[in-house]
Every structure is written in structure tokens, then in C-alpha cells.
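Reading through the C-alpha cells given below for one structure.
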Amino acid sequence: MEELIERLERARSVFVLTGSGISAESGLPTFRGVGGMWRTHRVEELASPEGFARNPQLVWTWYNERNGAHRRAAPNAGHYALAELERRTSDFTLATQNVDSLHMRAGSRRLLELHGSLRTARCDACGARRPLDATGLPLQEIEHGCGGMLRPDIVWFGEPLPEAAWREAAEAAARAEVILVVGTSAVVYPAAALATRYASREAYVAEINPEETAISDRVNCVIRSTAADALPRLLR
Ligand code: APR
């Protein structure tokens with residue numbers, strides 16, 4: 001931890017990649033760990049274009065539930081610590097795989113939502129967007145006037161990431177002197193590559209995760225702790 005703190009104090013440019021683990025202490029389930037959503041739900045039925053085409057009502061029922069849980073959840077000390085780190089760093093970029101809006105609610109501004117968010121629905125034909133409130137999308141309003149279907153405005157398996165957000169994240173990872181990887185199992189690409197392939201060789205990469213991940217053997221520093229515990233300690 002000491003070397004990481006010293007490097008963070010000296011760093012002009014910092015890049016952070018987060019995953020669902022940073023929201024675990026806000027009460028939101030992760031995907032692959034104990035109690036993870038992919039343990040009890042079938043990914044291909046709920047988080048894929050094919051699943052949505054087959055049963056849009058089922059998919060919206062699930063996303064409306066997640067959307068409600070996100071709105072009821074509160075950012076935790078880990079989210080707030082990253083918003084504070086942004087204020088202390090001249091060149092800071094936070095790329096998240098999460099769609100729960102908790103980084104935004106914690107005050108992060110230099111934020112790239114690589115997998116979108118549940119704040120809007122998008123028509124799969126004309127691209128029209130519609131903001132969602134805490135109740136989500138009424139099941140009888142899935143059909144869009146243009147003949148298309150309103151879908152969650154997030155990235156499903158097999159779909160491309162938002163072009164601009166991805167490019168900005170890859171550029172930030174390439175110039176960062178310190179990279180923090182927080183609360184992600186680092187098994188989903190291309191996001192996971194931001195901390196390895198896209199990082200510069202000189203970057204000091206630190207992982208904050210209570211468990212081992214797919215990139216633990218390639219980082220410079222491993223902090224086997226939770227986000228809400230380790231991140232505030234880093235800032236103190
Ligand atoms: N603090 C930090 N990390 C934690 C905590 C915590 N309190 N609790 C759990 N973790 C870690 C787990 O050890 C695990 O490594 O968070 C990670 C969560 O991994 P996943 O469940 O795989 O979630 P994530 O990496 O965000 O998944 C990436 O996959 O399902 C798709 O698109 C979805 O964005 C998601 C992507």
C-alpha cells in the first residue's frame with residue numbers, strides 16, 4: 001500500500017477501471033462471485049440481443065428490478081473515495097463496467113460508462129432514447145412508434161462498446177502512470193484489457209479485490225481488501 005500511495009501522490013495521470021465489486025458494499029449483487037447474478041440467472045436469456053428478441057417482457061422485468069435496486073442503493077465509501085481522488089489528480093479517468101450510476105451519484109465527473117447505464121432505454125431500430133425513472137419501462141410500452149423495440153441502453157454480450165467511450169478509455173489507460181483495477185474479475189473483454197494490453201509498460205498497476213482475479217499475476221500491487229475499506233485508506 002505504501003508504494004501505491006507514494007506513486008499516486010506523484011502521479012499526474014491516473015486511470016481507474018471498476019466492476020460490480022465496487023458496488024457490492026452498496027448492497028448490489030455481483031455477477032460471478034458468491035450470490036452473483038449469473039449463478040441464478042441465465043445470461044444468454046437476459047443479457048443478449050437474442051434473449052431480448054425471444055422474450056422482451058422477461059428481459060425488461062429483470063432490468064426494471066435491477067434499475068429499482070440501483071435507485072434504492074447508495075454510493076459507498078469506495079465510490080466517494082474515487083470521486084475525491086479525481087479532484088486531487090490533474091489527469092484522471094474512471095472507466096466503469098457498471099450500469100448502476102453509483103459513480104455518477106458519488107460525484108465522479110471524468111467518468112466513462114463502458115457498458116452504458118440503466119438511466120435510459122434505446123430503440124433498437126431508430127436509436128431514439130427515452131429516460132427511465134425508478135420504475136423502469138412499462139412492459140406495454142416496449143414497442144416504439146417507429147416499429148422498433150425499446151431496449152435497455154446497455155452493452156450486451158457480443159455487442160460493441162460505445163465507440164467514443166472506448167477510445168477515450170484506451171487512450172487514458174495508455175498514458176496513465178498509475179492504474180487502479182477495482183472490483184472486477186477481469187474476465188470480460190475488451191474492458192479487462194485496459195489494465196493489461198492497453199496499459200503502458202511503465203504504468204504501475206494495482207488491483208483492489210478481496211479475491212484473486214484473472215490479472216492478479218500481471219499487476220504490480222495486489223491489495224486483498226474491499227473497495228470501501230482500501231480506497232478511503234489510500235486517500236488518508
Ligand atoms: N470490493 C472489491 N471487490 C469486490 C467486492 C468488494 N466489496 N466484493 C466482490 N468483489 C470482487 C469479486 O472478487 C470479483 O472479482 O468484484 C469482482 C466482481 O466480478 P464479476 O462479478 O465478474 O463482475 P464484473 O467483473 O464487473 O463483470 C464484468 O461482466 O456480466 C458482465 O457486463 C457485465 O459489467 C459486467 C462484466
Side-chain angles (χ1 to χ4, degrees), residues 15-52 59 62-63 66 69-70 76 78-79 82 93-103 111-118 152 154-163 165-170 172-174 176 178-201 203-228 230-231:
F15 175 73
V16 182
L17 173 67
T18 63
S20 63
I22 194 168
S23 298
E25 287 154 294
S26 294
L28 296 179
T30 60
F31 290 100
R32 296 171 183 81
V34 171
M37 283 184 271
W38 298 149
R39 294 253 186 281
T40 51
H41 295 75
R42 291 175 51 73
V43 179
E44 46 286 339
E45 269 176 16
L46 295 168
S48 74
E50 299 75 23
F52 179 69
V59 171
W62 187 57
Y63 279 100
R66 285 185 61 196
H70 295 170
N76 63 57
H79 296 104
L82 290 181
T93 303
L94 166 55
T96 187
Q97 300 169 88
N98 302 340
V99 299
D100 58 30
S101 301
L102 291 183
H103 282 302
L111 174 64
L112 301 170
E113 293 178 313
L114 299 177
H115 292 170
S117 87
L118 281 185
I154 65 171
V155 179
W156 278 328
F157 288 95
E159 294 188 322
L161 273 59
E163 179 57 40
W166 170 254
R167 193 172 49 250
E168 201 175 330
V178 176
I179 293 180
L180 301 181
V181 186
V182 186
T184 180
S185 56
V187 295
V188 172
Y189 281 81
L194 290 168
T196 52
R197 193 147 49 89
Y198 288 86
S200 79
R201 265 181 304 286
Y204 185 83
V205 185
E207 166 182 275
I208 296 174
N209 196 318
E211 291 169 29
E212 194 167 331
T213 75
I215 61 169
S216 295
D217 57 359
R218 279 184 280 171
V219 299
N220 304 91
C221 164
V222 168
I223 299 178
R224 281 283 168 262
S225 174
T226 71
L231 287 169

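In what follows, every heavy atom counts, from backbone to side chain, and hydrogens, waters and symmetry copies are set aside.
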Without swapping roles, check the side chain of E25 against the backbone of N76 for a donor-acceptor pair under 3.5 Å. no
Sequence neighbours left out, what pairs pass salt bridge (Lys or Arg N to Asp or Glu O under 4.0 Å) with at least one residue falling in residues 208-224? E207-R224
Can you find a pair of side-chain heavy atoms, one from T213 and one from V181, that are under 4.5 Å apart? no
With sequence neighbours excluded, residues passing salt bridge (charged side-chain N to carboxylate O under 4.0 Å, His left out) with R197: none
Spacing of L111 atom CG and L82 atom CG [to the nearest 0.5 Å]: 10.0 Å
Distance in Å, I208 CD1 paired with C221 SG, rounded so as to fall on 0.5 Å steps: 7.5 Å
Which residue is it: L94, T18, T226? I am looking for the one with a side-chain contact (heavy atoms from CB on, under 4.5 Å) to V182. T18
Of all heavy-atom pairs linking A191 and L114, the shortest is CB-CD1, 4.1 Å
Of the non-hydrogen atoms in A227 and I22, which two are nearest, and what is the gap between them? CB-CG1, 3.7 Å
Shortest non-hydrogen separation from A24 to T30 and the atoms involved: CB-CG2, 4.3 Å
From N209 atom CG to I223 atom CD1, the distance as rounded to the nearest 0.5 Å: 11.0 Å
Is the ring pair W62/H41 parallel, tilted or perpendicular, if the boundaries are 30 and 60 degrees? tilted
How about H79 and S23: do any of their side-chain heavy atoms sit closer than 4.5 Å? yes
Are S101 and L118 close enough that some pair of their side-chain heavy atoms sits under 4.5 Å apart? no
Here the pair of heavy atoms bringing V188 nearest to H115 is CG1-CE1, 4.4 Å
CG/L194 to CG/L112 distance, rounded to the nearest 0.5 angstrom? 9.5 Å
Rounded distance [0.5 Å steps], CD in E50 versus CZ in F157: 12.0 Å
Within the 4.5 Å heavy-atom criterion, are L46 and M37 side-chain neighbours or not? no
Under a 4.5 Å cut-off applied to non-hydrogen side-chain atoms, are S20 and L28 in contact? no
Minimum-distance pair of heavy atoms, taken over all atoms of A214 and V187: CB-CG1, 4.1 Å
Tell me the closest heavy-atom pair linking V155 and P162, and the distance in Å. CG2-CD, 3.8 Å
For the atom pair OG1 (T184) and CZ (R32), what is the distance rounded to the nearest 0.5 Å? 7.5 Å
Under 3.5 Å donor-acceptor, S48 side chain and G51 backbone: yes
How are the rings of Y198 and W166 set to each other: parallel, tilted or perpendicular (split at 30° and 60°)? perpendicular
Without swapping roles, check the side chain of N98 against the backbone of D100 for a donor-acceptor pair under 3.5 Å. no
